Amino acid sequence: MTETQKTWKLLIINPGSTSTKVSLFENEKARFEHSLFHDAPVLLQYPHVNDQIPFRYQVILDMLKEEGVDPASIDVFVGRGGSACTQPGGVTAIDQKLYDDTEAAVGGSEHPAKLGVMLAWKFAQKYGKAAYTLNPTNVDEYGDLARLTGIKGVYRVSHSHVLNQKAVAEAHAEKLGKAYEDCNFIVAHIDGGITVSAHDHGRMVDGNMGADGEGAFTPTRIGTVPVLALLDWLEGHTLHEARLLCARSGGFVSLFGTSDSDAIHALVEQGDRKASLVWNTMIYQICKMIGEMSAVLCGRVDGILLTGGLMRFSDVAEGIRRRCGWIAPIAVYPGELEQEALALSTLKVLRGEKAALKYTGVPVWQGFGDIDL
């Protein structure tokens, strides 16, 4: 039997800021998919993102037991990734170096997506199998104009929902009868975290650093806050508290004590004034981000693509259409295409149709050359 004829069993592990999603694929077919919601107060019991590994590992084992699947029967473990040094896009083999850099967050972002690489490697080591990741949150395709800030030595880097954004962009381009590399898109991933990025002919050239406190506030993140106001706030709080607000305890958690979007939206539907103000402000801020990315693309936009878990609420798309529909046609992809992208891209590697990248531990971007910035 050749590698192209073999039935491969792939376990897809996708940790998010409010959930753990696990799928088992047999070649192109998903045998099952489960998504377990974790309210922010539950995850905040763990002082560091890395401390969630035993909890999430047990969640996966329980799912497999429910489905009657022996982990030893799985051929390949595939995890969503992030937090290591910036990487080029594509499928990357997980090894000890990538695990170590992910655990240490050498890339500077503590996004829960990192746990996908760590969990996949943990399973792979236990059962003697291979592990891969695809388009982690730290894929870097930015241009120099997207990097510089007004503080010498402080730069913007790519921390985004690259996996889902690129998968949705490629799927939409196919619907248009075009290649992703021939299109310009603005893609907004709207869920526990929110990132909006400009995709210029197959490259994600700019976007907000969602897990770093930039952009719209979200169910778990503070979004952009005026610097002086934040400094005033810090006079009565710690840097640790501020870091938690950026990615885990900000947004809805700070304003309501929960990251449960269904609960907040239910209040909106009941006419609650506070919930309505917060919810509509979030949509308003997303629209501002889309406007920014349209300027990055010089107004040449083939489509605005809305994806992520919060697109299950129709008023999110309606609010964005009202403010941004004049920029380009808007298409909605509720949920995400991440599980399929992780499985199908890895399958191509297993079948020898494409090569996996090796993690180098060297950042994609090495500075502005001989310019002292």
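In this text the structure is predicted, and so the values were computed from the model without any measurement.
Each of L342, L347, I12, V78 was compared with F25 under the side-chain contact (heavy atoms from CB on, under 4.5 Å) criterion, and only I12 meets it. A side-chain contact (heavy atoms from CB on, under 4.5 Å) with V76 holds for exactly one of V349, T346, L11; it is T346.
Remark: the backbone N or O of G215 is paired with a side-chain donor or acceptor of T224 at under 3.5 angstrom. The closest donor-acceptor contact from the side chain of H237 to the backbone of W233 lies under 3.5 Å. A donor-acceptor contact shorter than 3.5 Å links the side chain of S73 to the backbone of D70. Side-chain N or O atoms of T102 include none that pairs as donor or acceptor with a backbone N or O of G81 at under 3.5 Å. Side-chain N or O atoms of K129 include one that pairs as donor or acceptor with a backbone N or O of I74 at under 3.5 Å.
In the model, K114 has a side-chain atom that pairs as donor or acceptor with a side-chain atom of N50 under 3.5 Å.
Around the CD atom of E174, the shell of radius 6.0 Å holds no more than 12 heavy atoms that belong to other residues, nucleotides or ligands. Within a 6.0 Å sphere centred on CG of D372, heavy atoms belonging to other residues, nucleotides or ligands number 12 at most.
Taken from OG1 in T195 to CD1 in I286, the straight-line distance is 10.0 Å, to the nearest 0.5 Å.
Between R147 and D140, at least one side-chain N (NZ, or NE/NH1/NH2) sits under 4.0 Å from a carboxylate O, which counts as a salt bridge. Under 4.0 Å is where a charged nitrogen must lie from a carboxylate oxygen, and between D212 and R221 no such pair does.
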